[in-house]
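Structure, as structure tokens:
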Amino acid sequence: MSNLTILRTYAQTNPAKLPPSVLFSHTTTSLTIYDAFAKGIFHFLILPRVQAPFTVSELSSLRTLLRGDKARAKQLLTALNEDAKTLRKEIEEEMLDRFGFTWGVWTGFHGAPSMEHLHLHVLSDDLCTERMNKKKHYNSFHPKLGFFLDIDEVLSWFDAEDSYFSSMANMDPRKHYEPMLKEDLSCWRCNTSMKNIPTLKAHLQEEFDALAKREKAKIERRRKLEEKAARRETDATE
DNA sequence: GTTCTAGAAC
DNA sequence: GTTCTAGAAC
């Protein structure tokens, strides 16, 4: 099976036949799969299943979708966005269970995707997993570079002027998006420039650890306050 | 995606 | 000398 079209194959397969190592969940219109090369601790892809009136080729990428019927595209993206909201809640529950706090989860498309078939990334913003090894991996998710297209931003194009919408829909991936992957490395949280990937990853890990500490302390403070309030309540009724 | 490697950076 | 990147080949 070709790597470039594996997502297309999944999108055309009966979900019951997909292995649990691939499939996380599905609905009548979409599949949520684990990203095989997770760049965040949590990293999923939501794919639209191939169903009329959509054709395989219209669902090839965000670009092909946006260049097709506009109303239909908006409806499909809105549905994917709803699936993503549900998924984000599930991710946050698991974050609390496994890590004791929650952190950011991003939802968006790559401007120049490397695989066929529309796929919406839903990933946690830690970005220093084992699979994060190359500048282009990191830059493809950097929220300030423009390669990663947040779904809310994409949906906002539908409410903009037609000329703007069509300019975004017709953007040349090779000319517009691909050069962004070569930008210098910088921390997306604090903007500090980083000389290479190992340095960046160590820095991101520090940022993450500091965030974990702050967030857990916040949760603990809240818990203590609630405990105190509950105690006062009991005292008052005694 | 991975592996290999030349050359740059340190 | 070692670490790291980036491009080519697969």
Side-chain angles (χ1 to χ4, degrees), chain A residues 1-13 15 17-26 30-50 56-57 59-65 80 87 91 105-149 172-209:
Chain A
M1 224 181 290
S2 163
N3 285 333
L4 293 177
T5 54
I6 189 132
L7 300 183
R8 174 176 289 164
T9 307
Y10 290 157
Q12 296 177 100
T13 304
K17 298 204 169 147
L18 290 171
S21 57
V22 170
L23 186 72
F24 174 73
S25 66
H26 71 278
S30 73
L31 301 179
T32 299
I33 66 170
Y34 299 98
D35 190 298
F37 304 97
K39 304 303 190 299
I41 294 173
F42 296 88
H43 191 173
F44 298 89
L45 301 176
I46 304 180
L47 327 178
R49 293 170 69 179
V50 180
V56 172
S57 61
L59 295 178
S60 182
S61 66
L62 182 62
R63 191 166 188 266
T64 57
L65 180 72
L80 290 181
L87 177 60
I91 291 172
V105 180
W106 296 337
T107 304
F109 300 97
H110 278 162
S114 53
M115 286 187 289
E116 298 278 350
H117 200 75
L118 184 68
H119 51 285
L120 179 61
H121 289 270
V122 178
L123 80 164
S124 56
D125 67 12
D126 40 280
L127 301 187
C128 49
T129 61
E130 210 173 292
R131 293 295 193 169
M132 179 68 86
N133 292 319
K134 297 225 153 49
K135 181 194 260 187
K136 70 171 177 183
H137 295 156
Y138 178 72
N139 281 348
S140 75
F141 293 108
H142 194 302
K144 288 160 194 158
L145 283 184
F147 189 92
F148 187 73
L149 301 168
D172 181 346
R174 305 203 62 167
K175 274 199 195 138
H176 182 75
Y177 292 112
E178 282 178 16
M180 295 171 178
L181 299 176
K182 303 196 186 245
E183 292 279 315
D184 290 344
L185 291 171
S186 70
C187 172
W188 68 269
R189 291 188 200 266
C190 71
N191 284 323
T192 308
S193 63
M194 295 285 147
K195 61 177 181 300
N196 56 41
I197 289 286
T199 313
L200 170 76
K201 284 178 76 175
H203 173 81
L204 289 173
Q205 187 65 55
E206 277 173 30
E207 290 265 20
F208 181 74
D209 292 343

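Proteins get letters first, then strands, A, B, ... in listed order; numbering begins at 1 in each.
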Might you point out which heavy atoms bring A:C190 and A:E207 nearest each other, and give the distance in Å?
-> SG-OE2, 3.4 Å

Any chance you could lay out the ring-ring contact (aromatic ring centres under 6.0 Å, His included) test for A:H119 and A:H121, step after step, and finish with the verdict?
-> CA-CA 6 Å; A:H119 51 285; A:H121 289 270; 5.3 Å; yes

Assess whether atom NZ of A:K144 is packed by more than 12 heavy atoms of other residues, nucleotides or ligands within 6.0 Å.
-> yes

A:H110 and A:F147 aromatic centres sub-6.0 Å = yes

Have a look at A:K136 and say if it touches a base, only the backbone sugar-phosphate, or nothing, with a 4.0 Å heavy-atom cut-off.
-> nothing

Flag yes if more than 12 heavy atoms outside A:D209 fall under 6.0 Å of its CG atom; otherwise flag no.
-> yes

For A:K39, report the nucleic acid contact type (base, sugar-phosphate, nothing); a contact means any heavy atom under 4.0 Å.
-> sugar-phosphate

Expected rows: protein N/O vs nucleotides 2-9 of chain B N/O, under 3.5 Å:
residue: B:dT2; atom: OP1; partner: A:R131; partner atom: NH1; Å: 2.5

